[in-house]
Amino acid sequence: MAPGILTTPEPAVPGNDFHSLAGVVSEWDDTLRFYLNGAKVTIDNIDPEITLLEYLRGIGLTGTKLGCAEGGCGACTVVVSQYNPTTKRIYHASVNACLAPLVSVDGKHVITVEGIGDVSKPHPVQERIAKLHGSQCGFCTPGIVMSLYALLRNNPDPTKHDIEEAFDGNLCRCTGYRPILDAAQTFSSTTGCGRAASSGGCCMQSDDGKAPVDCCKNRPTVDGGADPVKRFTPPRFIEHKPDTELIFPPALRRHEFKGLAFGNKRKRWLRPSTLKELLEIKNALPSAKVIGGSTETQIEIKFKAMQYSVSVYVGDIPELRSYSFEDNHLVIGANITLTDLEGVLREGIGRYGPEKSQPLVAMLKQLEYFAGRQIRNVGTPAGNLATASPISDLNPVFVATRSVLIAHTLGDGGTEIPMTSFFKGYRATALPPNAVISSIQIPVAREKGEFIRAYKQAKRKDDDIAIVNAALRVSLDDDNVVESTNLVYGGMAPTTVQARNTMEYLVGKKWGAKETLEGAVNALEQDFNLRYGVPGGMATYRRSLAFGFFYRFWHEVVGALGGEVSAELVDEIKREVSAGDRDQDSTVTYEQRVLGKGVPHVAAMKQVTGEAHYTDDIPKHHNELYGCLVLSTKAHAKILSVNTEPALKIPGVQAYVDHRDVHSPEANRWGTPVCDEVFFAVDEVFTAGQPIGIILADTQLAATLGSRAVSVEYEELPAILTTEEAVEKESFFQHFPYIRKGRPVEEAMKEADHVIEGVARMGGQEHFYLETNAVLVVPKPEDGEIEVFSSTQNPTETQTYIAQVCNVPANRVVARVKRLGGAFGGKETRSVQLACICATAAKKLKRPVRCMLNRDEDMMISGQRHPFLGRWKVGVNNDGKIVALDADIFSNGGWTQDLSAAICDRSLAHIDNCYMIPNIDVRGRVCKTNTMSNTAFRGFGGPQGMFICETYMEEIADKIGMPVDKLREVNMYKEGEETHFNQELKDWHVPLLVGAIKKEAEYEKRREAVDEFNKTHKWKKRGLSLIPTKFGISYTALFLNQAGALVHIYQDGSVLVAHGGTEMGQGLHTKMTMVAAEALGVPLEDVLISETATNTVANTSATAASASSDLNGYAIWNACQQLNERLRPYREKLGSDATMKQLAHAAYFDRVNLSANGYYKTPDIGYTWGTNTGLLFFYFTQGAAIAEVEVDTLTGDWTCLRADVKMDIGRSINPAIDYGQIEGAFVQGQGLFTTEEPLWFNNGQLATRGPGAYKIPGFRDIPQVFNVSMLKDVQWKNLNTIQRSKGVGEPPFFMGSSVFFAIRDALKSARAEHGVTECLRLRSPATPERIRLSCADEIIRRSYVQPQDGEKDFFVSI
């Protein structure tokens, strides 16, 4: 936690207000009463500051996870059932437990993932997500389960669309979402066969389109009727029966909501049950914080250190949640939930008709993409209004429709406040301090001549705050002359604002006249004259959206008046319900007894029921302390002083630990492979977020308060943030890799017909594993022994460095890993720092120490994917044949090297992608900057190298006038050719993959269709791209290519396997149990992998490089072969039908060792940099992908219409696991190249610190049609791996770039539409901003904002 100002805790109620407030609440109850998973809970003494999540986890219900603490990821989703005073029925609300104050569940029924089923008897939702492969790391899974459960409780017969939208408040980083949606769609009322080739079809469908008699859809219903089952229950699955769900406790139907008051000296909660009680509180204490959904307040408390000594929860006041339909307006209670408001608006639209209900339609449209369902279930209109957010989606609609607020104070009958005069400034309103908003009157539109529309653009479609939004209204007379108008925008000023110049100009002008439109846009330019460095950045883009929304509105109204308007200009991009297909028969030809079968993840059922334990789920140890880091707030500075005295005075704070507590300066240093980093900063900090020390306390809250109370005095020093700045100042690490082949490139280029130069630039990427870094260190009383439970990919390195900081031999340290909630490379090295800091504290204090980083801390500390800059020059002939490549590659390594050198090396090795370049000279440098130390991330430099390659391929094709597909084909490697690092290509299947996927996806036909679409559409453009890949498998550090395993057979025939790999969602343990089961001839369920630990398998390599199945699989196979050899006499004696129990029993009594230690090292490899000799990779995983997109060139919005991916992964050990890896990698790759944009402030602090600002793809961002298949019916003659399988974790990642290049393809058409012919240099990621700014139309030209002398953008992209 970054140090901040800590105010001394004041009494919960200031003395001068105590007596008046006491008079109000003196008779109120002080006991919370609710039900939890069917059991009654009564609480009369509890910390008033804890959330529902903290309470649940504190009592041992750890299935509910902490993912972000800001309601943005859904990992903490639970269901709160209650009698809804708005709808007058029971409603089962999915809510974010991380935001919900405990007071909010009084009188309600809380249901957690543990409450609906367990491994022995799962709920149908849990079973289907598990068995249909919807859980990988499992950390997000309980929240996803509860979101679907909530939907089914409220609507047992959901449509496909209902299912698709049920997860808009949930994120998953592993699966790519497709298997989750497929599992969920089995509950939809229109679901077809799960193996259908197309939506609604049947796996056995005949040519005439009819399903056969024995089709599952023709089977009788449960009660024996003749009608087909409405909801499709897959074979061998539990049927969903709504009447068997947990009942709403009858006692809660009789629960009387009455005034509730509880708390302590620091914090007081009040829960009035009537409007009168609320007004009495506000009269007595106007400063009391009124809370509805707590969706913003809890974030202020958690991340901004705000303190509210008295909070008033108003969610249980029926008067504030009512509504009524009047003749000319709709009245809604100010605290109606947004979910209920959606229902009211739909009812109102039906009641008032299409013309009069336009304001309601506009509001409903804004709610469609307003946060996630969990937020809408608790968020309220009053919360939007009172917080006065300048980017609220609802406030512009309230203003544009000239709605009226009714505000009440004690003793008055209500005061009307027009919305047009409500907002007074940034976060300031006209609401008196002692008043509350009781209701809102929303006028309906006139039946003729009035038009109201609403718009929004964000970085991501679902669950995202607006960049700009708008609600636009105009009233016209019979001659279409403007009588009045309200043009209201959010995101264009410090508050919701009207375009007054434009409004004034339009009155009296004829709508539809060309000169009126021109004059209005001129006026808009004056209304929104943003400066370049405006807070929030994106000045040009925001202006273009303001103009673009008005332009769209203008034409919508013209069309409504009967004018001729193109539908594509008016219509926004709308997604269809997504679908996809996997080739389920890809492994049939080589299926064995166990291997080659699509077995579900071995821990999936535990993950869906919340029984799977992660590091922070381990029960609290006796005498345990919580740690909270003290982090640097400066990018580069000298530390002048650290004052911990205020922190140590806080009750519960026990100690502060820093570099002085490490036994020597040398022991404070670490790094891989260069020890250039320190665990604790000493006298200088080199990045914002660098650990300075750690506060230890009895509780997590006390540790957090203590960390904030530490004050650090700095002397700031110059800082370097961007790659370009580092190159300019020659700030590099001492690493100079290069690869040269063929003739000198300058000589070769002289013979080329064209020499083309360019620059490729791509940003970094946050890992955003759902489980942040977590560790528990337990010191033992003897011999300096230490046990550490860590969320790490690298137990051995964790062990090694803990031994170093604790000054003990490595044999005294046991590092244990049960499972990780995602990692993707981010926990390969960076997890070590937190573990060693906590170990230092545990050793000093001789007490267990636990620390789990908050999402913002994790993002500031743990490093990202390296941003890359490539300067390239290519010689190419007229026939498209590339003659030579000359390139300088720069990566932004951050402040220490970490793994940057190896990542840079791999980027150079992949800069050819799949193309033969005879003469090549590529050089790499790692830039040293003052950002967090960047680190491993899925692909490890490979995607960056291939992105540079495909960028120069695209730009070369454009400049020589050749289709890029033809250029790729001309230059593609052939079997037996050598790469630029002199490795012969064997089993080279990329040309085969490209040909197959072209045929299966009807590529040529779709290419023609896209071109035709673009000829006939000006404002919507489509793009199509086919991208191949080859990815080298092996650690580039030779010594890491080894693995060990330990296999025990017990007398009962059960098998325990240990190996050096960690399970982080990729299904490694599943595959390894399959290898052992196949090798030993035992059932899969008889094999267990309990954990990864350094005392069972020593000297392990990190689980990384997509090589873990290869290495550990062969090590396990080796151990099993030893055991098989020992058991061979007993198999001969007892016969082939003998069980392992019989074999083991007989062998044991003959004193035969039933334990074996297996080992494997990758043969043949060993590359020497510089001389360019030796084998760099053991083999290549190969693939090809086709993506088709549609872009709205007026806003920069886009959608992926379809993606087809085909991978050569050899003979899959488990196709279900591998398909999950392919889909997850593709979507993660799509995120890198589109929505995910890390940004910094100019002071060097990370700006994108959580899901609110950093956007990974969500459920509604994946391709609308997503087809995945594996190469089959080929021979892998040279593949000497376990089962002849290939590594699959990283190789499909770059396939996501096909979406980026499809967007580029669409933008080329858009630019040509406006006469722009210069080559498009598109920087990654292709955010909506970059897309829109690349369109080069007149609106963009008018929107452009020029920086003034010395003016910087608000954000920095490094």
Side-chain angles (χ1 to χ4, degrees), residues 17 20-21 24 85-86 270-297 308 310-326 328-338 340-341 344 359 363 379-390 392-443 471 486 488 490 495-498:
D17 294 315
S20 57
L21 185 62
V24 174
T86 304
L270 306 176
R271 199 282 310 276
S273 59
T274 66
L275 178 58
K276 180 175 180 293
E277 290 176 345
L278 172 59
L279 295 176
E280 287 173 344
I281 293 170
K282 288 294 284 183
N283 184 65
L285 189 65
S287 62
K289 178 70 172 178
V290 175
I291 293 174
S294 194
T295 56
E296 182 157 334
T297 304
Y308 300 106
V310 177
S311 294
V312 184
Y313 178 70
V314 296
D316 294 323
I317 301 176
E319 298 110 297
L320 298 183
R321 296 183 61 176
S322 61
Y323 68 97
S324 65
F325 297 108
E326 308 300 332
N328 297 314
H329 61 269
L330 164 65
V331 180
I332 57 171
N335 214 47
I336 189 173
T337 67
L338 299 181
D340 288 339
L341 179 57
V344 170
M363 194 172 295
T380 67
N384 269 261
L385 294 166
T387 58
S389 169
S392 163
D393 292 336
L394 288 182
N395 292 349
V397 184
F398 288 136
V399 176
T401 56
R402 302 185 177 186
S403 297
V404 176
L405 306 188
I406 309 300
H408 275 84
T409 57
L410 188 65
D412 73 3
T415 302
E416 293 188 353
I417 305 177
M419 273 301 311
T420 51
S421 59
F422 181 70
F423 299 111
K424 298 302 183 183
Y426 180 68
R427 301 285 184 174
T429 71
L431 188 69
N434 63 337
V436 297
I437 305 169
S438 59
S439 61
I440 307 164
Q441 297 176 358
I442 307 167
N486 292 93
V488 190
T495 185
T496 301
V497 64
Q498 299 196 70

Inset, instruction - Indicate the atoms forming the closest heavy-atom contact of Val314 with Gly292, along with that distance. - result: CG2-CA, 4.1 Å

Inset, instruction - Output all residues satisfying side-chain hydrogen bond (donor to acceptor under 3.5 Å, both in side chains) with Ser324, sequence neighbours left out; order by chain, then residue number. - result: Glu326

Inset, instruction - Answer yes or no: is there a side-chain heavy-atom contact under 4.5 Å between Val397 and Pro359? - result: no

Legend entry - Closest non-hydrogen atom pair, Pro272 against Leu278: CB-N, 3.7 Å

Inset, instruction - Please list, chain by chain and in numerical order, all residues satisfying side-chain hydrogen bond (donor to acceptor under 3.5 Å, both in side chains) with Glu277, sequence neighbours excluded. - result: Ser273

Inset, instruction - Could you check if a side-chain atom of Val24 sits within less than 4.5 angstrom of a side-chain atom of Leu285, using non-hydrogen atoms only? - result: no

Inset, instruction - For the residue pair Val399 and Phe423, establish whether any side-chain heavy-atom pair is separated by less than 4.5 Å. - result: yes

Legend entry - Chi angles and distances behind the side chain to side chain contact (heavy atoms under 4.5 Å, CB included) call for His329, Val404: CA-CA 10 Å; His329 61 269; Val404 176; over 6 Å; no

Inset, instruction - Kindly state each residue pair satisfying side-chain hydrogen bond (donor to acceptor under 3.5 Å, both in side chains) with at least one member in residues 421-435, sequence neighbours excluded. - result: Glu296-Arg427

Inset, instruction - Just do the side chain to side chain donor-acceptor pair (under 3.5 Å) check on Thr401 and Ser403 with the steps written out, would you? - result: CA-CA 5 Å; Thr401 56; Ser403 297; 2.8 Å; yes

Legend entry - Between CG on residue Leu338 and CE on residue Met363, distance to nearest 0.5 Å: 10.5 Å

Legend entry - side-chain contact (heavy atoms from CB on, under 4.5 Å) against Asp412, all qualifying residues, sequence neighbours excluded: His408, Thr409, Thr415

Legend entry - Non-neighbouring partners of Asn395 that pass side-chain hydrogen bond (donor to acceptor under 3.5 Å, both in side chains), sequence neighbours left out: Ser392

Legend entry - Partners passing side-chain contact (heavy atoms from CB on, under 4.5 Å) against Thr380 (at least two apart in sequence or in another chain): Asn335, Ala382

Legend entry - Shortest non-hydrogen separation from Asp393 to Asn384 and the atoms involved: N-OD1, 4.5 Å

Inset, instruction - Indicate yes or no: at least one non-hydrogen side-chain atom of Met419 is less than 4.5 angstrom from one of Thr496. - result: no

Legend entry - For Ala428 against Ala388, the heavy-atom pair lying closest together: N-CB, 4.0 Å

Inset, instruction - Kindly give the heavy-atom pair with the smallest separation between Ala407 and Ala435, and that separation in Å. - result: CB-CB, 4.4 Å

Inset, instruction - For residues Leu21 and Leu270, determine if any side-chain heavy atom of one lies less than 4.5 Å from a side-chain heavy atom of the other. - result: yes

Inset, instruction - Please identify each residue that fulfils side-chain hydrogen bond (donor to acceptor under 3.5 Å, both in side chains) with Ser294, with sequence neighbours left out. - result: none

Inset, instruction - For residues Thr337 and Thr86, determine if any side-chain heavy atom of one lies less than 4.5 Å from a side-chain heavy atom of the other. - result: no

Inset, instruction - Kindly write out the residues that satisfy side-chain contact (heavy atoms from CB on, under 4.5 Å) with Ser439, not counting sequence neighbours, or none if the list is empty. - result: Val331, Ile406

Inset, instruction - State, with a plain yes or no, whether a side-chain heavy atom of Thr297 is found less than 4.5 Å away from one of Ser311. - result: no

Inset, instruction - Check the pair Leu385, Ile440 against side chain to side chain contact (heavy atoms under 4.5 Å, CB included), reporting the backbone distance first and the verdict last. - result: CA-CA 10 Å; Leu385 294 166; Ile440 307 164; 3.6 Å; yes

Inset, instruction - Apply the test side chain to side chain contact (heavy atoms under 4.5 Å, CB included) to residues Ile442 and Ile332: give CA-CA distance (whole Å), side-chain angles for both, the deciding distance (0.1 Å), then the verdict. - result: CA-CA 8 Å; Ile442 307 167; Ile332 57 171; 4.0 Å; yes

Inset, instruction - Quick one: list whatever passes side-chain contact (heavy atoms from CB on, under 4.5 Å) with Phe325, sequence neighbours left out. - result: Tyr323, Leu330, Val344, Glu347, Arg351, Tyr352

Inset, instruction - Any salt bridge (Lys or Arg N to Asp or Glu O under 4.0 Å) involving residues 314-324? Give me the pairs, sequence neighbours left out, ordered by first then second residue. - result: Lys108-Asp316, Arg271-Asp316, Arg321-Asp340

Inset, instruction - Return the minimal non-hydrogen interatomic distance between Ala288 and Val312, and the atom names on each side. - result: CB-CG2, 3.8 Å

